[in-house]
Amino acid sequence: MDGLLEVRQLKTHFHTVDGIVKAVDGVSLTVDKNEIVGIVGESGCGKTMTALSIVRLIPPPGRIVGGDIVFEGKSLLNISDDEMREIRGKGISMVFQDPMTFLNPVMKVKDQIAEVIVRHSKITRAEANVEAVNMLEKVRMPAPRQIADYYPHQLSGGMRQRVLISIGLACKPKLVIADEPTTALDPTVQQQIVQLMRDLMSSLDTSLLIITHDVALSAEICNRIYIMYAGKIVEGAGVEAIFQNPMHPYTRLLLECVPRPDQKSTIRFIAGTVPDLSNPPSGCRFQPRCPRFLEKCAKEEPPLKENNDGHIVACWLW
């Protein structure tokens, strides 16, 4: 293994008038060089907050209260804000899930890509504009020279997502974090974006940490997957191990919810909802929804254990 990112027992809490919301509560994960890793779970499980914590963009009143984030051997929690700004975009970049929120509506596409390039490279604005068009070509944007002069509202959803990917890759970062990059797209465009990201990561020698609730998508693109529930990692393994031998009941239920062509019965769903992270259940946080509930599950929180093949799981059944 060739380590790039290591998150160690990360805790990100929000101190509110209603109590402390433990959005990320002891998360540990790794991403190696040239690897695609997924964090999978339902909405509200802390996936996005984990990603925002890694790049130190946590919205107030949230803050990191424990653990560490190590990137290329350097702790990101022990560097200044200026040093962190240098790492964002050039070392680690983030592709957000809603292009219309994160693209400036009054700036042309090429200017938004060029702005990132100029910020992190010693080149002129004219040279950056040329590089912006090159980036649009790399993400297979149709008519890139023409599209470069468009504004975001003139583009389709798939095109806007390609622009965000261009911005994320403009400075050739070592790691890209993609937060639900296909959520708002139709299935055909989703497949195009997934294939595009897989090809780009390979050709640019860039690692990818993808945040998604879509188990099927993670199977298509990832080398390894972490399953996250209620602020914690409950299972992690290579993609084949997760799909062929899921160990945590939550993982099994997620897989059963994936539609299959040969499925004749009604699509399954997981009963109940993700718990309030300001007052999570005692013991295992999944136990109120678990079909394999044991008495011990409500009293003691299961530790994250690793078996001989590197498969980790937090469950009293194992």
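For clarity, every value in this text was computed on a predicted model and none was experimentally measured.
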Gln112 side chain reached by Leu103 side chain, heavy atoms, under 4.5 Å:
yes
Asp179 versus Met94, closest heavy-atom pair with distance:
CB-CE, 4.1 Å
Side-chain (Arg160) to main-chain (Leu155) donor-acceptor, under 3.5 angstrom
yes
Between the side chain of Ser121 and the main-chain N/O of Ile117, is any donor-acceptor distance below 3.5 Å?
yes
Any chain of hydrophobic side-chain contacts (each under 4.5 Å) joining Val27 to Val40?
no
Check for me, please, whether Met107 and Tyr151 land in the same ILVMFWY cluster - side-chain distances under 4.5 Å, paths through other members count.
no
Below 4.0 angstrom, N of the basic side chain to O of the carboxylate: do Glu256 and Arg252 qualify?
no
Under 3.5 Å, is there a donor-acceptor pair between the side chain of Trp318 and the main chain of Val313?
no
Can Ile210 and Cys222 be said to form a side chain to side chain contact (heavy atoms under 4.5 Å, CB included), step by step?
CA-CA 8 Å; Ile210 187 166; Cys222 295; 3.6 Å; yes
Does the Glu131 side chain pair with the main chain of Ala128, one donor and one acceptor, at a distance under 3.5 Å?
no
Can you tell me how far apart CD (Glu137) and CG (Asn134) are? Round to the nearest 0.5 Å.
5.5 Å
For Leu76 and Ile79, which heavy atoms make the closest approach, and how far apart are they?
O-CG1, 3.5 Å
Any side-chain heavy atom of Pro181 within less than 4.5 Å of one from Gln161?
yes
Check this for me: does any side-chain nitrogen of one of Arg88 and Glu83 sit under 4.0 Å from a carboxylate oxygen of the other?
no
Measuring from Arg224:CZ to Ile39:CD1, what's the distance to the nearest 0.5 Å?
10.5 Å
Begin from the C-alpha positions of Arg119 and Glu86 and carry the test salt bridge (charged side-chain N to carboxylate O under 4.0 Å, His left out) through to its verdict.
CA-CA 9 Å; Arg119 172 70 178 79; Glu86 286 300 314; 2.9 Å; yes
Which heavy atom in Trp316 sits nearest to a heavy atom in Pro303, and how many Å separate them?
CH2-CD, 3.7 Å
What do you reckon, is NZ of Lys138 surrounded by more than 12 foreign heavy atoms closer than 6.0 Å?
yes
With side chain to side chain contact (heavy atoms under 4.5 Å, CB included) as the criterion, how do Ile270 and Tyr250 come out once you've worked through the C-alpha distance, each side chain's angles and the decisive distance to 0.1 Å?
CA-CA 9 Å; Ile270 305 175; Tyr250 179 57; 3.9 Å; yes
Any heavy-atom pair between the side chains of Leu253 and Pro291 that's under 4.5 Å?
yes
For Arg285 and Ala230, indicate whether the former's side chain and the latter's backbone hold a donor-acceptor pair under 3.5 Å.
yes
Closest contact, heavy atoms only, His213 versus Lys47
N-CE, 4.2 Å
Check the side chains of Glu220 and Gln191 for a donor-acceptor pair under 3.5 angstrom, ignoring hydrogens and angles.
yes
About how many Å separate OG of Ser53 and CG of Leu57, when rounded to the nearest 0.5 Å?
9.5 Å
Decide yes or no on side chain to side chain donor-acceptor pair (under 3.5 Å) for Thr30 and Glu6, but give the supporting numbers first.
CA-CA 4 Å; Thr30 60; Glu6 183 179 0; over 6 Å; no
Relative to each other, are the rings of His13 and His15 parallel, tilted or perpendicular (30° and 60° limits)?
tilted
Decide, yes or no, whether a salt bridge links Asp199 with Arg140 under the criterion of side-chain N to carboxylate O below 4.0 Å.
yes
First locate atom SG of Cys315, then atom CG of Leu304, and finally report the distance between them rounded to the nearest 0.5 Å.
11.0 Å
For the pair Thr251 and Glu235, evaluate side chain to side chain donor-acceptor pair (under 3.5 Å) and give the outcome as yes or no after the intermediate values.
CA-CA 8 Å; Thr251 307; Glu235 187 167 3; 2.6 Å; yes
Has Arg162 got a side-chain atom pairing as donor or acceptor with Met141's backbone, closer than 3.5 angstrom?
no
Point-to-point distance, once rounded to the nearest 0.5 Å, from CD of Glu72 to CD1 of Ile92:
8.5 Å
Nearest 0.5 Å, please: how far is CG in Leu29 from CG in Leu209?
6.5 Å
Any side-chain heavy atom of Val95 sitting closer than 4.5 Å to one from Ile177?
no
Of all the heavy-atom pairs spanning Asp111 and Arg125, show the shortest one and how long it is.
O-NH1, 3.5 Å
Do Tyr229 and Arg289 have a side chain donor and acceptor closer than 3.5 Å?
yes
Before giving the answer on side chain to side chain contact (heavy atoms under 4.5 Å, CB included), spell out for Ile167 and Phe96 the whole-Å C-alpha distance, their side-chain angles and the decisive distance to 0.1 Å.
CA-CA 11 Å; Ile167 293 172; Phe96 295 94; over 6 Å; no
For residues Thr182 and Leu217, determine if any side-chain heavy atom of one lies less than 4.5 Å from a side-chain heavy atom of the other.
yes
Under-4.0 Å salt bridge between Glu301 and Lys232
yes
Has Thr12 got a side-chain atom pairing as donor or acceptor with Ile64's backbone, closer than 3.5 angstrom?
no
Going hydrophobic residue to hydrophobic residue with side-chain gaps under 4.5 angstrom, can you get from Tyr150 over to Ile165?
yes
Measure from the side-chain N and O atoms of Gln154 to the backbone N and O of Asp149, and report whether any donor-acceptor pair falls under 3.5 Å.
no
Before accepting this row, confirm whether a basic side-chain N of the pair Arg85/Asp82 lies closer than 4.0 Å to the acidic partner's carboxylate O.
yes
Restricting to non-hydrogen atoms, name the atom on Asp68 and the atom on Ser75 that form the minimum distance, rounded to 0.1 Å.
OD1-OG, 2.6 Å
Single-linkage hydrophobic cluster, 4.5 Å side-chain cutoff, Ile58 and Ile20 together
no
If hydrophobic clusters are built from ILVMFWY residues whose side chains come within less than 4.5 Å, do Val163 and Met197 share one?
yes
Val24 vs Lys11 side-chain heavy atoms within contact, under 4.5 Å:
no
Any carboxylate oxygen within less than 4.0 angstrom of a Lys/Arg side-chain nitrogen, looking at Asp205 and Lys33?
no
I want to check something: taking the side chain as every heavy atom from C-beta on, are Met49 and Phe14 in contact at a cut-off of under 4.5 Å?
yes
With side chains defined as the heavy atoms from C-beta onward, is the minimum distance between Ser207 and Leu5 less than 4.5 Å?
no
Side-chain donor/acceptor of Asn223 to backbone N/O of Ile36, under 3.5 Å
yes
Does His311 form a side chain to side chain contact (heavy atoms under 4.5 Å, CB included) with Glu306? I'd like the steps, not just the answer.
CA-CA 6 Å; His311 197 140; Glu306 180 176 347; over 6 Å; no
Is Ser93 reaching over with its side chain to a backbone N or O of Val176, donor-acceptor style, under 3.5 angstrom?
no
